[in-house]
Amino acid sequence: MNEFFTVTQINRYLKNIIEAEPFLSDIWLRGEISNFKPHISGHLYLTLKDEQSVIKAVMFKGDTFSLKVKLKDGMKVFARCRIGVYEPGGSYQAYVKEFVADGIGEKHLAFEELKNRLEKQGLFDASHKKPIPEFPEKIGVVTSATGAAIQDIFNVLGRRYPIGEVVLYPSAVQGEGAPEEIINGIKYFNEECPVDVLIVGRGGGSIEDLWAFNDEGVAMAILSSKIPVISAVGHETDFTIADFVASLRAPTPSAAAELAATPVSEIKGNLEYFYGKLTGIIKEKVEKCELKVSALAMDKTLNTIKNNLQTKRLYLADIENRLFGAIKNKVELYSGQLQVASAKLDGNSPLKIMSKGYSAVTKNNTLIKSVKNVSVGEQIDIVMTDGTLSADITGIKGGKNNG
Amino acid sequence: MAEKKLTFETALNELNDIVKKMEDEDIPLDEALKLFGKGIELTEKCNKILDDAKQKITIVENRGNE
């Protein structure tokens with residue numbers, strides 16, 4: 001035996017070697033917690049293990065305030081630590097500064113696997129996405145009956161599209177039973193209560209909270225839905241499987257409600273546009289016709305014809321006048337002549353003469369104009385204007401003896 | 001209740017058709033006036049539906065879910 005060392009010396013030596021190694025001063029360990037012993041002092045003592053090995057670990061009280069997760073046996077974790085040596089105990093251990101739950105890690109692997117598989121099958125393709133109707137009569141919603149999500153949806157639709165009926169199928173949106181309830185909701189609207197569009201989703205939450213919407217059964221229900229589905233999983237940045245397979249993805253329930261229908265303001269805008277167009281066109285047409293009529297009125301040809309007609313009318317009137325004038329003159333002329341002749345006639349009328357005192361003498365109804373035609377003793381009639389005298393001739397003077 | 005859906009989609013399409021027909025130069029004035037009347041009637045009908053609308057909400061009875 002040559003040199004000998006104390007236990008302390010050797011432990012010190014090992015400590016120096018190990019703690020001088022920069023690599024060991026800050027590493028992430030992945031393992032499962034076992035033998036978890038929280039101490040009264042506030043320090044946490046535990047063992048981290050994997051399939052084959054273990055390592056002792058401790059988290060000092062000062063570092064525990066950053067803990068976001070509750071540590072317990074069986075929990076899979078990532079531990080940020082430095083590897084050091086506890087000299088008195090002759091052991092090395094992990095001095096942990098930070099723990100991060102490893103549940104997500106596994107979940108994420110499953111998520112990636114499902115996402116890739118479905119994508120390769122073409123189930124995210126546009127061909128599976130159905131068009132969202134512009135004017136749905138009925139809007140179905142699968143979400144929790146409590147919580148902000150459904151209230152937001154009611155409010156947005158009430159404001160923007162009150163003409164659509166909203167039907168809510170209440171469903172859990174997180175936890176073990178959630179996927180089944182969501183699937184039942186989608187089935188309900190496909191089989192029992194047809195609607196024109198479906199909103200499936202929930203409000204915001206942690207990744208674990210949203211996990212129901214990464215469920216394969218839910219994805220399949222959305223894909224096989226005959227009704228277009230708008231996914232509304234309130235998570236701005238990350239996409240769930242439901243988001244990929246839905247016909248449309250909305251970042252929040254409110255946004256989904258906005259996408260589900262054409263806002264009334266827009267419909268009114270369209271109606272106003274058409275109203276304006278109709279009145280504009282008809283006004284234009286009427287004005288055009290008015291112009292046409294004016295133009296025709298002013299048209300030279302038409303006016304010439306009008307003027308010609310006018311001229312001919314005047315000419316006609318003139319001729320009429322002259323004709324009547326001429327006829328009137330002639331009538332007057334003849335009337336005058338008639339009057340003269342009539343007066344002459346009247347003057348020579350025997351009655352006129354007789355009224356002057358002269359009488360006509362007749363013998364046997366023959367007019368006697370001479371004394372030669374009678375003899376004394378003959379009967380004669382003396383015709384006067386108001387009667388006849390019967391007379392016998394008693395004497396005759398004149399005749400042959402007329403000198 | 002397919003009426004409401006038909007009214008809007010059909011109405012807006014019909015209005016579009018009417019305007020197109022009316023924009024045609026050759027259409028006689030009296031036919032344009034007929035179309036105009038029909039178009040105005042449509043817009044008034046639609047506006048009335050929008051103005052009278054009140055949101056209807058239905059909540060499905062719980063089906064043994066938790």
Side-chain angles (χ1 to χ4, degrees), chain A residues 133-142 145 150 153-155 157-172 175-178 180-181 184-185 188-189 192-193 195-196 262 264-265 267-268 270-286 288-289 292, chain B:
Chain A
E134 287 185 288
F135 309 107
E137 275 184 71
K138 280 192 178 173
I139 301 165
V141 186
V142 178
I150 188 58
I153 292 174
F154 285 153
N155 287 339
L157 286 174
R159 188 170 29 90
R160 278 166 63 103
Y161 194 75
I163 52 177
E165 182 187 346
V166 187
V167 185
L168 166 67
Y169 182 97
S171 156
E176 286 282 320
E180 191 188 336
E181 289 186 30
N184 286 340
Y188 173 78
F189 287 118
E192 287 185 54
C193 174
V195 294
D196 300 300
T262 316
V264 156
S265 58
I267 303 177
K268 281 213 161 202
N270 283 340
L271 290 172
E272 253 182 66
Y273 164 78
F274 282 122
Y275 182 82
K277 272 245 139 181
L278 288 170
T279 49
I281 293 174
I282 213 69
K283 201 166 155 220
E284 208 185 291
K285 279 208 182 308
V286 168
K288 255 201 199 149
C289 286
K292 268 198 195 151
Chain B
M1 272 287 250
E3 220 185 82
K4 225 193 274 168
K5 179 178 182 183
L6 283 171
T7 303
F8 277 103
E9 216 155 346
T10 313
L12 289 175
N13 285 335
E14 211 176 319
L15 279 167
N16 205 28
D17 286 339
I18 287 176
V19 165
K20 276 211 177 74
K21 284 204 189 111
M22 281 177 71
E23 280 174 333
D24 180 8
E25 288 277 315
D26 299 328
I27 191 178
L29 185 61
D30 63 340
E31 207 178 304
L33 284 168
K34 262 197 227 150
L35 287 172
F36 173 76
K38 183 106 202 281
I40 297 297
E41 194 191 319
L42 269 173
T43 58
E44 284 179 356
K45 244 201 239 171
C46 289
N47 270 316
K48 183 150 201 309
I49 294 178
L50 293 176
D51 290 335
D52 292 346
K54 283 198 172 69
Q55 185 186 44
K56 182 167 179 219
I57 293 177
T58 305
I59 300 182
V60 176
E61 290 286 297
N62 209 295
R63 302 171 140 247
N65 289 334
E66 267 164 61

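Just so it is clear: chains get the letters A, B, ... in the order the sequence lines come, proteins before strands, and each one is counted from 1. Bear in mind the structure is a predicted one, so any value in this text is a computation, not a measurement.
For A:Ile139, no part lies near chain B; criterion is any non-hydrogen pair under 4.5 Å. Neither the backbone nor the side chain of A:Lys138 comes within contact range of chain B; no heavy atom of the residue lies under 4.5 Å from a heavy atom of that chain. Interface remark: B:Leu15 contributes backbone and side-chain atoms alike to the contact with chain A (heavy atom separation under 4.5 Å). Heavy atoms closer than 4.5 Å to chain B are found nowhere in A:Thr262, neither backbone nor side chain.
Other residues, nucleotides and ligands contribute at most 12 non-hydrogen atoms within 6.0 Å of the CD atom of A:Glu180. Annotation for A:Phe154: atom CZ counts as buried by contact number, over 12 foreign heavy atoms lying within 6.0 Å.
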Inset, instruction - I would like to know whether B:Ile27 and A:Lys285 meet side chain to side chain contact (heavy atoms under 4.5 Å, CB included); could you show each step before the answer? - result: CA-CA 10 Å; B:Ile27 191 178; A:Lys285 279 208 182 308; 3.2 Å; yes
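Residues A:Pro170 and B:Ile59 approach most closely at CG-CG2, 3.9 Å, considering heavy atoms. B:Leu29 and A:Cys289 make their closest contact through CD2-SG, 3.8 Å (heavy atoms, listed as atom of the first residue, atom of the second, distance). Taking all atoms of both residues into account, the shortest heavy-atom contact from B:Asn47 to A:Leu271 is OD1-CD1, 3.7 Å. Between A:Gly164 and B:Gln55, the shortest heavy-atom contact is O-CG, 4.4 Å.
Within the model, atoms CG of B:Leu35 and CG of A:Leu278 stand 9.0 Å from one another, a figure rounded to the nearest 0.5 Å. One finds the CD1 atom of B:Ile57 at 7.5 Å from the CD1 atom of A:Ile150 (value rounded to the nearest 0.5 Å). Summarising the geometry, atom OG1 belonging to B:Thr43 is positioned 7.0 Å from atom OH belonging to A:Tyr275; distances are rounded to the nearest 0.5 Å. A distance of 15.0 Å separates OH in A:Tyr169 from OG1 in B:Thr58, rounded to the nearest 0.5 Å.
Using a 4.0 Å cut-off between charged nitrogen and carboxylate oxygen, A:Lys268 and B:Asp51 count as a salt-bridge pair.
Of the possible donor and acceptor atoms, none in the side chain of B:Glu9 sits under 3.5 Å from a partner among the backbone N and O of A:Phe135.
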N/O donor to acceptor pairs below 3.5 angstrom from side-chain atoms of residues 16-23 of chain B, sequence neighbours left out:
unit_1, atom_1, unit_2, atom_2, d
B:Glu23, OE2, A:Lys277, NZ, 2.7

